[in-house]
Amino acid sequence: MDMDHYQKFKAIIDIDGNGWSSRFHKLLCMNSVVIKMQPGAIDYNMDYIQPWVHYIPAVPYGEPEDYNSSLPAIMEYINAKENEAAVQQIITNANRFCKDTLTHEAMEEDVLDIFAAYVEELDRYDSGWEKIWMQKTNASYEDILKYKIGRSHV
């Protein structure tokens with residue numbers, strides 16, 4: 001099913017596959033509320049995404065039989081007139097998350113932060129890693145120093 005087709009639905013269920021759902025972040029950018037079967041794997045940015053703020057969680061433990069019993073209650077909640085504002089707020093929060101976090105610039109910053117944390121771990125483990133790195137990559141000490149200094153503001 002084409003991703004644009006999902007825009008027709010009031011709610012979309014997202015279920016992880018063998019690892020994680022690669023479409024979860026795209027679904028958060030739609031104008032539908034996302035019902036997320038609690039993930040078995042950690043997904044990118046899951047630390048920043050909160051249940052009942054950005055999506056509606058289904059089954060905190062994850063037994064397949066429990067999915068069937070929780071979904072009718074969730075759909076009843078979503079369709080109840082008195083919950084319209086709360087459901088719309090979840091959609092708005094998810095859309096705001098997309099605009100703030102799922103940009104190329106934000107992802108580039110995240111990757112650089114991950115590399116900076118990796119460099120810190122390498123330094124903590126063995127400060128001589130730079131010599132090995134320079135031998136293997138033909139990088140200069142100045143290149144490594146520029147990287148460290150450039151990322152020190154993070």
Side-chain angles (χ1 to χ4, degrees), residues 1-125 129 133 137 139 143-144 146-154:
M1 183 184 311
D2 186 68
M3 290 299 284
D4 290 338
H5 188 70
Y6 290 109
Q7 298 272 33
K8 297 176 184 177
F9 300 100
K10 186 173 189 174
I12 304 168
I13 299 173
D14 185 53
I15 303 172
D16 291 351
N18 288 333
W20 70 91
S21 169
S22 61
R23 67 187 189 139
F24 179 55
H25 289 95
K26 292 175 190 165
L27 295 177
L28 290 173
C29 302
M30 304 282 176
N31 289 321
S32 305
V33 69
V34 177
I35 302 167
K36 175 73 174 162
M37 297 299 183
Q38 287 305 92
I42 300 300
D43 201 353
Y44 178 71
N45 273 331
M46 282 306 278
D47 293 343
Y48 307 111
I49 301 172
Q50 300 172 14
W52 295 105
V53 175
H54 301 99
Y55 66 95
I56 296 177
V59 187
Y61 6 91
E63 292 298 322
E65 327 53 84
D66 294 335
Y67 292 154
N68 294 332
S69 62
S70 67
L71 286 177
I74 291 170
M75 292 310 298
E76 190 174 312
Y77 173 84
I78 290 170
N79 289 314
K81 231 13 171 178
E82 64 269 14
N83 298 328
E84 279 182 11
V87 170
Q88 186 55 51
Q89 187 60 54
I90 292 171
I91 295 168
T92 300
N93 293 340
N95 290 170
R96 188 175 311 121
F97 169 81
C98 289
K99 289 176 185 169
D100 294 345
T101 314
L102 299 181
T103 64
H104 287 290
E105 294 81 13
M107 289 184 189
E108 287 170 4
E109 275 294 317
D110 283 350
V111 169
L112 290 175
D113 289 345
I114 290 167
F115 284 148
Y118 184 64
V119 167
E120 287 176 23
E121 285 299 314
L122 287 172
D123 282 342
R124 193 180 353 253
Y125 176 73
W129 70 270
W133 182 265
T137 64
D143 293 335
I144 293 171
K146 280 183 208 171
Y147 176 78
K148 283 184 171 183
I149 291 171
R151 298 303 301 157
S152 65
H153 72 279
V154 176

Closest approach of [X] and [Y], non-hydrogen atoms and distance?
X: H25; Y: F97; result: CD2-CE2, 3.9 Å
X: T101; Y: A106; result: O-CB, 3.3 Å
X: I78; Y: A11; result: CD1-CB, 3.9 Å
X: W52; Y: I90; result: O-CG1, 3.7 Å

For this session: State which residues pass salt bridge (Lys or Arg N to Asp or Glu O under 4.0 Å) with E84; sequence neighbours excluded, sorted by chain then number.
Result: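 Residues passing salt bridge (Lys or Arg N to Asp or Glu O under 4.0 Å) with E84: K81.
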To the nearest 0.5 Å, what is the distance between [atom1] on [X] and [atom2] on [Y]?
X: I114; Y: E109; atom1: CD1; atom2: CD; result: 11.5 Å
X: Y77; Y: I74; atom1: OH; atom2: CD1; result: 11.0 Å
X: I12; Y: F24; atom1: CD1; atom2: CZ; result: 11.0 Å

Exercise. Short question: side chain of S32, backbone of F9 - any donor-acceptor pair under 3.5 Å?
Worked result: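 Indeed, once roles are kept as given, a pair shorter than 3.5 Å links the two residues.
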Exercise. D14 side chain to I35 main-chain N or O, any donor-acceptor pair under 3.5 Å?
Worked result: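 It does not hold such a pair.
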So do the side chains of [X] and [Y] get within less than 4.5 Å of each other, counting heavy atoms only?
X: K10; Y: N79; result: yes
X: N93; Y: Q89; result: yes
X: L27; Y: K36; result: no

Exercise. Given the rule in the side chain to side chain contact (heavy atoms under 4.5 Å, CB included) test, do M37 and L71 qualify, once you have shown the distances and angles that lead to the verdict?
Worked result: CA-CA 10 Å; M37 297 299 183; L71 286 177; 3.7 Å; yes
Problem set entry | With Q7 via side chain to side chain contact (heavy atoms under 4.5 Å, CB included) - residues at least two apart |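 In terms of side chain to side chain contact (heavy atoms under 4.5 Å, CB included), with neighbours along the sequence ignored, Q7 is linked to M30, N31.
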